[in-house]
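Notes follow once the structure below has been shown.
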Amino acid sequence: MPELPEVEVILRGLLVLKGLAVTGIEAPRPGPNTPVDLESLSSATLERKLEEIERRGKYLLFRFSGPREVVFHLKMTGKLLLRGDFSEYARYHRVIISFTRGQKLIFNDVRRFGFCICDSNDTSCRTCLPEFGPDPLSPSFGAGSLSGSAGDRRLKLKNFILDQKVAPGIGNIYANEALFRAGLNPFRPVNTVGAGEWESLARSIRELLLEAIDYGGTTLGRGWSHFCNARGEPGRFQERLMVYGREGEACVRCDNEIRSMPLNNRSTFFCPLCQEV
DNA sequence: AGGTGGACCTATCCGC
DNA sequence: TGCGGATA
DNA sequence: GTCCACC
Ligand SMILES: [Zn+2]
């Protein structure tokens, strides 16, 4: 499930496409959840040069000459792959964009939740994107932005940092890990969090995400539906996870048992001792 | 306002 | 081994 | 991972 670090790792791998032009579009096979309208994808990319790739939260934005923009969201199992031997997974290929120099961008997605939207002659696809808060890796993100959007609201801390207007790019894994690092209970109402605790949370989030990017992202299992970078390689941050997926195991800090509880239909892992209410 | 549960899909993992 | 159920 | 309908 690509979150900020995984999307960032993919983006960095795709930078080799910058400066190349699109020579063809191909949609291997139909099926449920059509990921993109081929007509508009073609008119937004064909014969155009890729000028820039950027990330907004978990979205990837490709700017082609024109300018025309194309935006991808990978949801749970989407992948963006460069030219390579992925023939055994070809049944999950959704769209293949060919570039000059024989380069390719392959959108592959096992669960078919991911999608791609493009600019048309008159409208920018940015208008379809949600609002984003300050990127956690940018200077405008911090204790101030967190406590500001918390105000006197009563929602639980974990739900709060999963809000893309608060910490765009954070998903379930990194929400759990960030709260553990900050020593904060996921179920605490945000209006009880103090200034020092916001500082600690902001720092935890930033450091965590940078470290995860350094490790090439998190790859939970070995199946194809798990994360890999643009060259098909897994990440290594799973070795550094301290609470996620560790129910019943010993807390790395206090040796007590890590517990898991559902919150918002998603598993929430925490140490009851290190993260008291 | 905030929380829950389902919908969208397919694969994998676990226990019986 | 095969199957339902839970989870990603 | 996100959206939406419902309490
Ligand atoms: Zn602990």
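Naming convention: chains lettered A, B, ... in sequence-line order (proteins, then strands); numbering from 1 in each chain.
Atom name C1', nucleotides dG5(B) and dA6(C): the rounded distance is 15 Å, in whole Å. Comparing dA11(B) with dT2(D), their P atoms are spaced 23 Å from each other, to the whole Å. Between the C1' atoms of dT1(C) and dT10(B), the separation comes to 22 Å (whole Å). Here, dC9(B) and dG2(C) have their C1' atoms 23 Å apart, quoted to the whole Å.
Here the P atom of nucleotide dT12(B) and the CE atom of Met1(A) are 15 Å apart, to the nearest Å. The distance between atom CZ of Phe187(A) and atom P of dG3(B), rounded to the nearest whole Å, is 10 Å. Distance His93(A) NE2 to dT10(B) C1': 17 Å, rounded to the nearest Å. In this structure, Arg112(A) places its CZ atom 9 Å from P of dC9(B), rounding to the nearest Å. Taking atom CG on Leu220(A) and atom P on dG1(D), their separation rounds to 10 Å, with Å as the unit. When rounded to the nearest whole Å, the span between CH2 of Trp224(A) and P of dC13(B) equals 16 Å. Straight-line distance from the NZ atom of Lys79(A) to the P atom of dG1(D): 14 Å, rounded to whole Å. Between Glu3(A) atom CD and dT2(D) atom P the separation is 9 Å, expressed in whole Å.
Between Glu131(A) and Lys165(A) there is no salt bridge, since no side-chain nitrogen of the basic residue lies less than 4.0 Å from a carboxylate oxygen of the acidic one.
In the interface, the side chain of Arg111(A) is paired with the base of dA8(C) through a donor and an acceptor atom under 3.5 Å apart.
Trp198(A) has its ring centre no less than 6.0 Å from the ring centre of Phe141(A).
Between Asn265(A) and Arg222(A), the residue whose closest nucleotide on DNA chain B is further toward the 5' end is Asn265(A). When each of Arg154(A) and His226(A) is assigned the nucleotide of DNA chain B with its nearest heavy atom, Arg154(A) is the one assigned upstream, toward the 5' end.
Between dC8(B) and Asn33(A), no contact under 4.0 Å exists linking OP1 or OP2 to a side-chain N or O. At the phosphate of dA11(B), OP1 or OP2 sits under 4.0 Å from a side-chain N or O atom of Tyr92(A). Side-chain nitrogen and oxygen atoms of Lys75(A) include none within less than 4.0 Å of the OP1 or OP2 phosphate oxygen of dA8(C). At the phosphate of dG1(D), OP1 or OP2 sits under 4.0 Å from a side-chain N or O atom of Arg266(A). Within the 4.0 Å cut-off from OP1 or OP2 of dG3(B), at least one side-chain nitrogen or oxygen of Asn159(A) is found. Side-chain nitrogen and oxygen atoms of His73(A) include at least one within less than 4.0 Å of the OP1 or OP2 phosphate oxygen of dT2(D). Close to dG2(B), at under 4.0 Å from its OP1 or OP2, lies no side-chain N or O of Lys156(A).
Checking dG5(B), dA8(C), dC9(B) against the side-chain heavy atoms of Met76(A) singles out dA8(C) as nearest. Closest to the side chain of Pro32(A), out of dC9(B), dG3(B), dA8(C), is dC9(B).
Phe115(A) is listed as a side-chain neighbour of Ile117(A), based on a closest heavy-atom distance under 4.5 Å.
Among the protein residues, Ser267(A) comes within range of the sugar-phosphate backbone only, with heavy atoms under 4.0 Å from sugar or phosphate atoms but none that close to a base. Among the atoms of the strands shown, only primed sugar atoms or phosphate atoms (P, OP1, OP2) are found under 4.0 Å from some heavy atom of Tyr244(A). No contact: Asp109(A) has no heavy atom under 4.0 Å from any strand. Among the atoms of the strands shown, base atoms are found under 4.0 Å from some heavy atom of Asn264(A). Backbone-only contact: Leu263(A) has heavy atoms under 4.0 Å from sugar-phosphate atoms and none from a base.
Under the 3.5 Å distance criterion, with hydrogens and angles disregarded, a donor-acceptor pair is assigned to the side chains of Lys158(A) and Asn172(A). No hydrogens or angles considered: a donor-acceptor pair under 3.5 Å links the side chains of Asn264(A) and Asn159(A). Using a 3.5 Å distance cut-off with no hydrogens or angles, the side chains of Thr218(A) and Tyr174(A) do pair a donor with an acceptor.
When Phe62(A), Phe113(A), Tyr59(A) are each tested for a ring-ring contact (aromatic ring centres under 6.0 Å, His included) with Phe72(A), only one passes: Phe62(A).
Other residues, nucleotides and ligands contribute only 12 or fewer heavy atoms inside 6.0 Å of the CZ atom of Arg259(A). For CD of Glu54(A), the number of neighbouring non-hydrogen atoms (other residues, nucleotides, ligands) closer than 6.0 Å is greater than 12.
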Would you sketch DNA chain B in dot-bracket for me? Only Watson-Crick or G-U wobble pairs with both distances under 3.5 Å count, crossing pairs as [ ], other-strand pairs as |, the rest as dots. .|||||||.|||||||

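Ring-base stacking between Phe113(A) and dC8(B) is satisfied, the centre separation being under 5.5 Å and the plane angle under 30°.
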